[in-house]
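A short worksheet on the structure shown next.
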Amino acid sequence: MPSYDFRKVEKKWQDRWEESGIFRSDDDASRKKFYALDMFPYPSGDGLHVGHPESYTATDIISRKRRMEGWNVLHPMGFDAFGLPAENHAIKKGIHPRISTERNTDNFRRQLKSIGFSYDWSREISTCDPAYYRWTQWLFLFLYRHGLAYRAKAPVNWCDSCQTVLANEQVEDGICERCRNPVRQKDLEQWFFRVTEYADRLLDDLEGLDWPDRIKNAQSNWIGRSEGAEIVFRGRASAESSLGDRDFDVRVFTTRPDTLFGVTYLVVSPENPLVLGVCPPERRPEVMAYMEAARKKSELQRVSLEQDKTGVPLGVYVTHPMTGEPVPVWVADYVVATYGTGAVMGVPAHDDRDFAFAEKYGLPVVAVIAPPDGQGNPENGGKGAGSALSAAHTGPGVLVNSGDFNGMDSVEAQTKIVVALEDAGAGRCRVQYHLRDWLVSRQRYWGAPIPIVYCDECGEVPVPESDLPVLLPDDVDFRPTGESPLARSADFHRVKCPKCGKPARRESDTMDTFVDSSWYFLRYCSPNFGSAPFDSREVAYWCPVDLYVGGAEHAVLHLMYARFLTKALNDHGLVGFGEPFLKLRNQGLIMGEDGQKMSKSRGNVINPDEVIERYGADTLRLYEMFMGDFEAAKPWDTKGITGCRRFLDRVWLETHDLVHHGKENTDHGLTASLHRTVRKVSGDIESFKFNTAIAALMSLLNDWQGAGAADREFVETFIKLLSPFAPHLAEEMWELLGHQHSILESPWPSYDEKMCEDSEVEIGVQVNGKVRGRFAAPTDLSEDGLKSAALDSVRPYLEGKEVVKVIVIRGRVVSIVVK
RNA sequence: GCCGCGAUGGCGGAAUGGCAGACGCAAGCGACUCAAAAUCGCUCGAGGCAACUCAUGUGGGUUCAAGUCCCACUCGCGGCACCA
């Protein structure tokens with residue numbers, strides 16, 4: 001009997017699959033479809049790491065099962081090929097990003113093919129291909145046309161050492177993740193996508209999605225919806241201020257309108273335009289110095305100085321909308337300029353930050369919410385400026401010191417006070433989001449150019465669709481100097497205005513790579529379509545994606561952006577659905593053998609090529625799925641792989657044994673075990689419990705060997721169940737069993753519920769909750785039969801006792817209660 | 001600080017409220033071998049000669065029965081965070 005030469009077998013089947021085109025999928029409206037999508041990789045120079053095959057194997061298993069179940073399956077793969085690493089590599093090594101990206105992509109493709117994934121490679125896409133980014137640009141113009149893309153001056157993260165703008169995700173605690181230098185804020189004209197327009201729907205629609213809770217939760221946190229009120233405090237500027245003797249408003253956002261009577265000051269952020277307008281001359285030097293200091297603070301300082309609040313009085317007063325009392329206005333950088341109105345009301349008695357600020361600057365503390373009985377000192381409330389307070393009471397309670405609202409429950413008072421403010425024309429309900437618009441421009445080379453032209457006559461002019469793509473020039477000096485490399489390419493930069501024909505300038509920024517990946521799943525449906533980003537007929541058939549699998553690091557950004565774009569396309573009739581990904585699953589991180597995160601510097605990285613070379617692709621696939629809970633982090637264990645390898649070897653040997661010796665199975669227990677395993681494996685694959693599906697197959701093999709014989713039907717069913725996990729070996733065994741066609745063309749096995757039961761089961765017997773015995777009983781034994789057999793089996797424990805109660809759980813346990 | 005997730009043998013991990021530790025790894029013993037590797041068989045939570053007792057992060061509770069449900073904690077992981 002030949003031993004299992006996995007190298008030969010795996011090569012043989014990969015070649016056959018490629019030749020036969022068995023994984024190609026065509027639009028066929030008469031068949032039910034299944035779209036299984038992997039998050040496409042960034043083709044880094046390091047090649048695949050073992051985390052990639054983990055999620056890819058999972059989708060591959062489901063795709064293969066679906067094919068066998070008769071579904072029309074779309075299972076594509078491509079490359080998220082634009083991005084900063086290729087550009088940095090180019091700067092360091094002088095190799096053009098196009099060259100290194102191509103080389104890396106070839107390597108990734110080779111590696112992916114060597115694992116035997118059932119991708120339709122005829123649909124491969126790459127985001128740096130002009131045939132692709134042409135449509136990324138088209139989508140930019142689509143958003144622009146509908147007012148969802150706009151240009152504005154904005155502070156961006158700037159790294160002096162890298163000489164570039166950084167994306168938010170590249171800034172960690174105020175430090176550039178690449179060079180560890182502090183990041184600075186810089187004001188630049190930037191392009192934005194109006195994601196905030198969709199804040200409510202992005203939040204509300206999460207509910208209907210079959211996504212992991214933590215992802216939904218992360219998105220929900222990111223959107224950060226809070227309900228509260230906008231309250232107007234009116235004031236009058238002095239004649240000497242730059243505003244002159246005029247009325248002005250300070251609008252604040254609060255989630256606690258019930259604490260309105262406890263306001264003892266207001267705070268506006270240093271960036272608030274009102275500050276200089278109303279500031280009286282004598283206060284200007286100090287206020288301006290404070291503003292300057294705040295502006296100079298790096299992100300790093302703002303974060304590290306978290307608790308140490310500073311501020312200066314602005315020298316103006318506004319009127320409390322309920323009490324009519326004067327309220328001083330302060331400037332402090334603990335107020336975030338870009339959130340809410342950039343101004344807050346200070347309620348020291350009921351907010352920790354305000355309390356700290358008031359203590360530091362000697363501002364009065366007025367308690368207006370008396371804690372419920374037993375919490376704190378209720379007397380505080382009644383005494384007005386409660387100097388007795390040692391901390392803010394931030395919880396609910398009963399209103400005191402609040403005029404007509406005294407005695408009211410604080411929760412109830414929230415709405416009541418807003419109503420009163422509305423009547424007085426001094427406030428309204430307001431919903432505030434943490435979500436900001438998406439800054440999409442990047443001052444980088446290796447990305448899709450933004451298709452806009454600036455003309456002195458016509459202003460901002462979109463590039464006509466017929467002129468797309470705006471090609472990324474190859475011959476560019478992409479060394480960093482602080483402006484986009486494209487601005488230095490005269491050929492690229494100097495253009496004629498598409499509107500008036502006069503000399504104009506082309507936008508030199510490129511798009512964030514998250515724009516590329518926000519729509520790639522649509523492109524797979526018609527990867528070569530030439531007249532639009534996608535063929536709407538194909539998209540109508542294949543989309544939305546039925547199953548999407550990838551890393552949890554994309555919990556917020558990528559998934560949010562793809563959802564945003566889908567909703568925008570949906571609103572304007574380009575797609576017929578509002579959510580792109582119906583079911584999402586994340587693979588857990590694979591750690592190194594030392595339990596640490598895999599990293600080059602730790603030297604604990606496992607290279608899948610080496611695992612395949614030594615154990616084979618089927619073993620790699622099997623092991624990655626067997627390691628543990630798909631969604632949980634788990635350490636790699638090279639020794640553990642041998643168990644999977646041994647299992648496949650034994651399958652090979654036993655199958656040959658059947659073929660060469662032709663055995664009969666007369667063992668009913670083995671047949672029952674087979675049916676149970678079909679049920680178990682089928683169910684486990686659906687619920688992403690691949691580890692227990694494999695364990696069940698291992699158990700079944702143990703039973704098979706234990707029985708000493710199995711018939712052809714048993715073996716064929718076994719091989720089918722194994723085929724999504726170890727497709728090469730399965731095809732080889734399938735052929736050995738005399739089949740001409742791929743195992744993918746045979747139906748997924750079914751089981752008979754009646755056949756799943758063994759003729760005999762073991763029953764445990766508990767006496768007062770403790771297991772005291774067990775006995776074997778025929779499966780169909782009556783309840784009374786079980787009861788008396790159970791009582792017999794634990795007789796010594798019942799002597800001299802009275803049996804109070806007997807509970808029979810069929811097939812499992814009998815519980816006896818005695819006194 | 002807020003939100004979410006988790007904690008089970010030497011290790012990875014199994015368990016619709018129903019016999020805790022499936023399956024695999026490692027370890028020990030044995031078979032085969034001149035020997036080793038590979039392979040196969042047996043043992044394998046802790047304590048105890050045994051009957052038994054103790055065991056699913058901690059402390060309570062519900063139940064005939066709790067890893068699973070409830071309450072209060074501890075620790076770890078992840079998201080958000082001067083967001084008013």
Side-chain angles (χ1 to χ4, degrees), chain A residues 3 212-226 228 252-256 259 267 269 302-303 305-309 332-336 338-347 350-354 356-357 394 432-436 552-553 555-556 586 588-589 591 593 595 622-623 626-629 631-644 646-647 649-650 653 680 689 691-702 705 762-775 796 804-818:
Chain A
S3 70
D213 283 341
R214 82 193 119 107
I215 302 291
K216 290 195 197 183
N217 180 54
Q219 292 226 347
S220 171
N221 277 346
W222 185 263
I223 295 167
R225 182 187 153 107
S226 42
V252 302
F253 173 73
T254 179
T255 54
R256 292 294 306 275
T259 64
V267 194
S269 78
R302 281 218 181 183
V303 172
L305 294 174
E306 209 169 291
Q307 297 309 320
D308 190 21
K309 297 190 191 344
D333 67 1
Y334 80 87
V335 174
V336 178
T338 50
Y339 182 74
T341 58
V344 301
M345 58 190 211
V347 187
H350 305 292
D351 182 278
D352 293 326
R353 293 157 305 187
D354 296 346
F357 192 76
T394 56
Q432 185 61 46
Y433 298 94
H434 171 198
L435 184 72
R436 309 292 163 78
E553 68 274 17
V556 176
N586 300 120
L589 211 57
M591 317 297 272
E593 300 209 54
L622 201 66
Y623 176 64
F626 185 61
M627 286 172 76
D629 187 335
E631 307 217 329
K634 51 224 166 257
W636 186 268
D637 177 13
T638 296
K639 284 198 224 108
I641 303 172
T642 57
C644 292
R646 281 182 201 145
F647 167 69
D649 282 341
R650 284 163 61 202
L653 286 170
K680 173 84 177 149
K689 290 158 82 177
N691 54 338
T692 49
I694 294 166
L697 286 168
M698 288 173 168
S699 268
L700 186 60
L701 176 64
N702 290 344
Q705 288 187 316
E762 202 187 25
I763 306 289
V765 187
Q766 297 176 348
V767 179
N768 283 351
K770 285 206 160 41
V771 180
R772 295 300 187 189
R774 48 189 56 141
F775 64 95
V804 181
K805 203 172 173 186
V806 179
I807 295 143
V808 179
I809 308 298
R810 290 199 66 89
R812 296 198 182 265
V813 74
V814 177
S815 183
I816 299 163
V817 187
V818 299

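Proteins get letters first, then strands, A, B, ... in listed order; numbering begins at 1 in each. We use all heavy atoms of the structure for the numbers below, so side chains are in, but hydrogens, waters and symmetry mates are not. This one's a predicted model, so the numbers in the text were calculated from it and none came from an experiment.
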**Complete:** Picking from B/G12, B/A84, B/G79, the nucleotide nearest the side-chain atoms of A/Ala218 would be B/G79
**Message:** Please classify the nucleic acid contact of A/Ala633 as base, sugar-phosphate, or nothing, using heavy-atom distances under 4.0 Å.
**Reply:** sugar-phosphate
**Asked** CD of A/Gln766 versus P of B/A65: gap in Å, rounded?
**Response** 9 Å
**Complete:** A/Tyr334 atom OH is separated from B/A81 atom C1', nearest whole Å, by 16 Å
**Asked** Base, sugar-phosphate, or nothing for A/Arg214, non-hydrogen atoms under 4.0 angstrom?
**Response** sugar-phosphate
**Asked** To the nearest angstrom, how far is A/Leu622 atom CG from B/G13 atom C1'?
**Response** 15 Å
**Asked** Distance from A/Tyr623 atom OH to A/Trp636 atom CH2, nearest 0.5 Å?
**Response** 6.0 Å
**Request:** Quick one: closest heavy-atom pair of A/Gly342 and A/Val335, and the distance?
**Result:** O-CG1, 3.5 Å
**Prompt:** Which one, B/A84, B/A22, B/C80, comes nearest to the side chain of A/Trp222?
**Reply:** B/C80
**Atom C1', compared across B/A14 and B/U8: separation rounded to whole Å** = 10 Å
**Prompt:** What nucleotide among B/C5, B/G18, B/A14 has an atom nearest to a side-chain atom of A/Val813?
**Reply:** B/G18
**Prompt:** To the nearest angstrom, how far is A/Arg812 atom CZ from B/A20 atom P?
**Reply:** 12 Å
**Item:** A/Arg646 side-chain N/O to B/C25 phosphate OP1/OP2 under 4.0 Å
**Value:** yes
**Request:** Find out whether A/Ile816 and A/Arg772 are in side-chain contact, i.e. whether some heavy atom of one side chain is under 4.5 Å from a heavy atom of the other.
**Result:** no
**Asked** What's the closest nucleotide to the A/Lys309 side chain, out of B/C82, B/G78, B/A14?
**Response** B/C82
**Request:** Kindly say whether A/Gly346 contributes a backbone atom to a donor-acceptor pair with the side chain of A/Asp351 at under 3.5 angstrom?
**Result:** no
**Message:** With rounding to the closest Å, how many angstrom separate the C1' atoms on B/U62 and B/G41?
**Reply:** 47 Å
**Prompt:** Using a heavy-atom distance cut-off of less than 4.0 Å, which residues of residues 694-701 of chain A contact RNA chain B?
**Reply:** A/Ala695, A/Met698, A/Ser699
**Request:** Name the closest nucleotide to the A/Ser815 side chain, picking from B/A81, B/C64, B/C25.
**Result:** B/C64
**Request:** Whole angstrom is fine here: how far is it from CE in A/Met591 over to C1' in B/C11?
**Result:** 16 Å
**Message:** Between A/Ile807 and A/Gln766, is there a side-chain heavy-atom distance shorter than 4.5 Å?
**Reply:** no
**Asked** Looking at the side chain of A/Val771, which of B/A26, B/C3, B/A20 is the nearest nucleotide?
**Response** B/A20
**Prompt:** Given the rule in the side chain to side chain contact (heavy atoms under 4.5 Å, CB included) test, do A/His350 and A/Thr394 qualify, once you have shown the distances and angles that lead to the verdict?
**Reply:** CA-CA 5 Å; A/His350 305 292; A/Thr394 56; 5.7 Å; no
**Asked** Between B/A81 atom C1' and A/Arg225 atom CZ, what is the distance in whole Å?
**Response** 20 Å
**Request:** Kindly label the base of B/G61 as syn or anti, based on whether its glycosidic torsion lies within 90° of 0.
**Result:** anti
**Request:** Write down the distance separating the C1' atoms in B/A81 and B/G6, rounded off to the nearest Å.
**Result:** 22 Å
**Prompt:** A/Asn691 has a side chain; which of B/G13, B/C19, B/C25 sits nearest to it?
**Reply:** B/G13
**Complete:** To the nearest angstrom, the CG-C1' distance between A/Leu435 and B/A81 comes to 15 Å
**Prompt:** Given side chains that start at C-beta, do those of A/Val804 and A/Val818 come closer than 4.5 Å, heavy atoms only?
**Reply:** no
**Message:** What verdict does the side chain to side chain contact (heavy atoms under 4.5 Å, CB included) test give for A/Arg436 and A/Thr338, after you've listed the backbone C-alpha separation in whole Å, the side-chain angles of each residue and the deciding distance to 0.1 Å?
**Reply:** CA-CA 9 Å; A/Arg436 309 292 163 78; A/Thr338 50; 2.9 Å; yes
**Asked** When the P atoms of B/A66 and B/G61 are considered, how many whole Å apart are they?
**Response** 13 Å
**Prompt:** Rounding to the closest angstrom, what is the interatomic distance between B/G9 and B/G13 at atom P?
**Reply:** 11 Å
**Asked** Is there side-chain contact between A/Arg650 and A/Leu701, with at least one heavy-atom pair below 4.5 Å?
**Response** yes
**Complete:** What one should report as the nearest heavy-atom pair of A/Thr255 and A/Ser226 is CG2-CB, 4.0 Å
**Request:** Please measure how far the P atom in B/C49 lies from the corresponding atom in B/C5, and state the result in whole Å.
**Result:** 46 Å
**Item:** Nearest-nucleotide 5' precedence on RNA chain B, A/Phe626 against A/Arg436
**Value:** A/Phe626
**Item:** Among B/C82, B/C25, B/C23, the one nearest A/Val336 by side-chain distance
**Value:** B/C82
**Request:** State which of B/A84, B/C80, B/U39 makes the closest approach to the side chain of A/Tyr339.
**Result:** B/A84
**Request:** At under 4.0 Å between heavy atoms, which parts of nucleotides 41-53 of chain B does protein reach? Answer with one letter per nucleotide, 5' to 3': B base, S sugar-phosphate only, - none.
**Result:** -----------SS
**Sugar-phosphate, base or nothing in reach of A/Ser226, heavy atoms under 4.0 Å** = sugar-phosphate
**Asked** Looking for any heavy atom pair under 4.0 Å, which part of the strands does A/Thr255 touch: base, sugar-phosphate only, or nothing?
**Response** sugar-phosphate
**Request:** Report yes if at least one side-chain N or O of A/His434 is closer than 4.0 Å to OP1 or OP2 of B/A81; otherwise report no.
**Result:** yes
**Asked** Can you find a donor-acceptor N/O pair under 3.5 angstrom joining the side chain of A/Lys805 to the base of B/C64?
**Response** no
**Message:** Please report the distance separating the C1' of B/A38 from the corresponding atom of B/U33, rounded so that it comes out in whole Å.
**Reply:** 11 Å
**Item:** Whichever of A/Arg774 and A/Asp354 has its nearest RNA chain B nucleotide further upstream toward 5'
**Value:** A/Arg774
**Request:** Round to the nearest Å and state the distance from A/Asp637 atom CG to B/A27 atom C1'.
**Result:** 14 Å
**Asked** Base, sugar-phosphate alone, or nothing: which one does A/Glu762 contact when heavy atoms must sit under 4.0 Å apart?
**Response** base
**Message:** I want to verify a distance call: between B/C25, B/G4, B/A84, whose nearest atom is closest to the A/Val335 side chain?
**Reply:** B/A84
**Message:** Does A/Thr341 form a side chain to side chain contact (heavy atoms under 4.5 Å, CB included) with A/Tyr339? I'd like the steps, not just the answer.
**Reply:** CA-CA 6 Å; A/Thr341 58; A/Tyr339 182 74; over 6 Å; no
**B/A22 versus B/C32 - spacing of their C1' atoms, nearest Å** = 30 Å
**Message:** Can you see if the side chain of A/Asn702 gets near the phosphate of B/G24 - specifically, an N or O under 4.0 Å from OP1 or OP2?
**Reply:** yes
**Asked** Is the shortest side-chain N/O distance from A/Lys689 to OP1 or OP2 of B/A15 below 4.0 Å?
**Response** yes
**Request:** Indicate whether OP1 or OP2 belonging to B/A84 is found under 4.0 Å from a side-chain N or O atom of A/Arg256.
**Result:** no
**Message:** At 4.0 Å (heavy atoms only), tell me whether A/Arg650 reaches a base, stays on the sugar-phosphate, or touches nothing.
**Reply:** sugar-phosphate
**Request:** Would you sort out whether A/Glu593 and A/Asp637 count as a side chain to side chain contact (heavy atoms under 4.5 Å, CB included), showing the intermediate values?
**Result:** CA-CA 6 Å; A/Glu593 300 209 54; A/Asp637 177 13; 4.1 Å; yes
**Request:** Taking Watson-Crick and G-U wobble pairs with both distances under 3.5 Å, convert RNA chain B into its dot-bracket string, 5' to 3', dots for unpaired and | for cross-strand pairs.
**Result:** (((((((..(((.....[....))).(((((.......))))).(((....)))..(((((..]....))))))))))))....
